[in-house]
Amino acid sequence: MDNIVVIIIILAIITGAIAKVVIEKRNGNKCIGCPHGKSSDIECNCDDF
Amino acid sequence: MKIALTGNPNSGKTTLFNAITGRTERVGNWAGVTIEKKEGEVKKSISKGNASIIAVDLPGAYSMSPYTSEEHITSDFVKNENPDVIINIVDATNLSRSLFFSTQLLELGIPVVIALNKSDLNKKKETRINANVLSKRLGCPVVETVSIAGSNNGLEKLIFTVIESKGKTQQIPFEGLAINKTNRSAIEASDKKRYEFVKSIVLEIEQRKVSSNRQTKQDVVDRIVAHKWFGIPIFALVMWTVFSISQTYVGPIFANILAGWIDGLYRYVEGLLGQGVSPVIKTILLDGIIGGVGAVVGFLPLIMVLFFLLALLEDCGYMARVAVVMDRFFKRVGLSGKSIIPMVIGTGCSVPGIMATRMIKNDRQRRTTAMLTPFMPCGAKLPVIALFAGVFFNDAAWVGTTMYFLGIALIILGALIVVRISGEQNSRSFFIMELPEYKYPSIKRATIEMLSRAKAYILKASTIILLSNVVVQLMQTFNWQFQVVAEGAQNTSILASIASPFAILLMPLGFGVWQLAAAAITGFIAKENVVGTIAVVYSIKNFIDTDALALVGGGADVASAMGLTSVAALAYLVFNLFTPPCFAAIGAMNTEMENKKWLLGGISFQLGTGYVVAFIVYQVGTLLTTGVFGNGFLPGLIAVISIISYVVYLMRKGNQKSLAKKAVLEV
C-alpha cells in the first residue's frame, strides 16, 4: 500500500512537470528556464532592405 | 484601443512599457535591447478603468526610413497596423536627435502624444525644456515622464492624454518634401530641412546650463573605462569582483541556508517513507527527485546574486562601455559590430542571444555570431562553474572570471577560423552605438531581473531537470533485463552501459569515467543537468557543503569523491562550457542560421573546440603539476591533431576560394 501511494506521488510530480513543459512550449517559450526565451511571431526578413 | 510605443533606441520605451503594463520585458541601459515587438494590456490602475488598451512596444528607430531590421519592424507597424495613438518616447536629454523622428511620425496622420522621458535627468543637469511651447510647435500633447520612478512619474497623465487623443486629427507641423527615395542628394536635402526645423524648435524651448562641447566627468571616466588597452583589464577586474561577491562571499551564505532547508526536506520525506517502502521507489523520490533537483536549486542564491550584480552593471551604463571595448576586437576578426549585443544577451541565456543575431544583415556574420554566442557562459552554465569552483578550487573567483575571458578568446579565435573557412572577404562593418549616460543603477530593476532569473531557474529545475534526473535515476537503477542492479555493480546499469563508450573517448581529457560521461551527455539537454546527474550518480544532495562530498568519497580529499584531480576537474568544466550548450540553443541556431550545412558545421566546431581545449587544459596542467602527461595522451593527441588538421584543410580550401573570387573580380 505504501509503495502505491509513493508511486502515485512520483507519477503526479512527473505528470505535473511534463504538463508544464508542454504548456510552456505551446506558449512559444523556446527555452524553459530563460526569462526572455519567448519570441513573438514577428520575423525579420533581412533581405528586404 | 491599440497604442504604439515608438522612439529612438535607449529612450526608455521598454521601461515605460513595463511600467504601464506591469510586464517584465528585458530592459537595458543601452541601445538595441528590444529587437521584436511586444504587446501588453495597460494596467487598469493606470487607465482608470477605461476600455482595454493594448500597448505595443516597438524596437528603437532613428528614422521612418528603415536602415536596420529593428527599424523595419517599427516602420512597418506604424504604417500598416493602424494604431489608434502613437506614444513617441522622446529622450529629454537628447532633444534634437529625438525630434527628427517625431516630426516623421507626425506626418502619418495618426494622433501622436509625446512622452518627454528622463525628465529627472534634465533637472539634475539644470536643463529646462518648455513643454508647453514644444506642444504648440509640434501640434500634439507633450507629457513629462520619468518611467523608472515609482510615483509622480507622469504615466497616468500620459495614458489619460492618450485616451483623450484617440480619433482626433493630427496636425502636421513639418511636411517632408515629396522626393524620389532613390535620389540620395534629394534625401539629404530633405533631411537637412527637417533638421533645421527641429533645431529651430530646440533653440526656442531648451535652456542648457552645461554646454555640449565641454568635457564632462562622464567623458573623463569613459576615457579610462572604454580605453582600448585599459578597458580589458578593468573589465577583468569588474568580473572578478562580481564572481568574488556572488560565489565566494555573499552567495554561499544564503546557499548554505537553502542547502540546509533542502537537506531538512530530504530527511523529513525519508522519515515519512519509513521501512515499508521499496528501496528502489525510495531512491527515485529521495535521490532522483529531491536530491537531484535540490543539488541544482542549491546554487540558486549564487546565481541570483550574480545576476543582480550584472543587472546593476548594465543599468549604470558599464556594459555598454564593455561593448565598445570588445567591438574593436570583434570587427578585426570579421564579426559584425553588432555581434557584441547577442553575446552580452547570451551571458543570460544563449537562446535569446542567438535569436538576437537576426538583426545582423550579413549572412556569414549572422551565422558566425549564432555559432559563437554559446561560448559566452550562460546562466545554465553558472551552477556548473560554481560547483567546480566550490568543490575543487575553494570557491575561487578566478575560475568564473577565467571562463568568461576564455569564452571571449574562443569567440575571437573561432571567428578568425570561420572567416578563413568561408573564404569570404572580411568586409568592414560599422556599428554606431550611442553610449548611455552613467547613472546610479536602479535596485528595483536589478531586483526584478534577479527575481525573474530565479523564477525561470526554479521552473527549469522543477521541469526539465526533474524529468532528466528521474530518467537518469531509473537508468542507473536497472540493467537491460530491467532488474535492479546489485549494490556495487552499478557498472552493469543501463546508464553505465550507454555512457561507458563515451567515457573511453573522454579518457585523454582526464575524466574517462562513465558517471561523468553520463553527466556531460545529459548536459546537452540542459547544462544544469551536469550538476543534477552528478548528484544522482554519486548520491550527493548537497554541493554547497563540501564536507558532504568528502564523506561520499570516504576520505578527506573532496576531489577523490569524483575520482578527479583539480586539473581534470578544470578540463571537465571547460569541456562542459565550450561544447554545444543545450538542444534549445541548437534549435535557435537552426532557426537563425537557416542553413543545415552551417548548423552541422557549428555543432561540430563547438564539439571540437570543447574537446581540444579540455585536452590542452588536462594534459598541459598534468604535465606542469606532476611532471608527466596524463592518461591517454597519445590517442588524445592523435584525435586533436586530426581535428586541427581538418580545420586547417578547410581554412586552406576557403583561402583558395577567396583567391579565386579575387582573381575573377580583377578580371
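In what follows, chains are A, B, ... by sequence order, proteins preceding strands, each numbered from 1. Only this structure's heavy atoms are used, side chains among them; waters, hydrogens and symmetry mates stay out.
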Considering only heavy atoms, which portion of B:L285 lies under 4.5 Å from any heavy atom of chain A: side chain, backbone, both, or neither? both
Nearest 0.5 Å, please: how far is CD in B:Q473 from CG in B:L286? 9.5 Å
Does any backbone or side-chain atom of B:V470 lie under 4.5 Å from a heavy atom of chain A? Answer side chain, backbone, both or neither. side chain
Test: B:E592 and B:R366 ion pair at under 4.0 Å: no
Which portion of B:S278 sits near chain A, non-hydrogen atoms under 4.5 angstrom: both
Under a 4.0 Å threshold between the charged nitrogen and the carboxylate oxygen, would A:E24 count as salt-bridged to A:K20? yes
With a 4.5 angstrom heavy-atom cut-off, which part of B:I281 approaches chain A: side chain, backbone, both or neither? both
Are the side chain of B:D57 and the backbone of B:F17 linked by a donor-acceptor contact shorter than 3.5 Å? no
Just give me the residue among B:C349, B:A380, B:A456 that pairs up with chain A most often, heavy atom to heavy atom, under 4.5 Å. B:A456
Sequence neighbours excluded - side-chain hydrogen bond (donor to acceptor under 3.5 Å, both in side chains) pairs with any residue from residues 5-19 of chain A: none
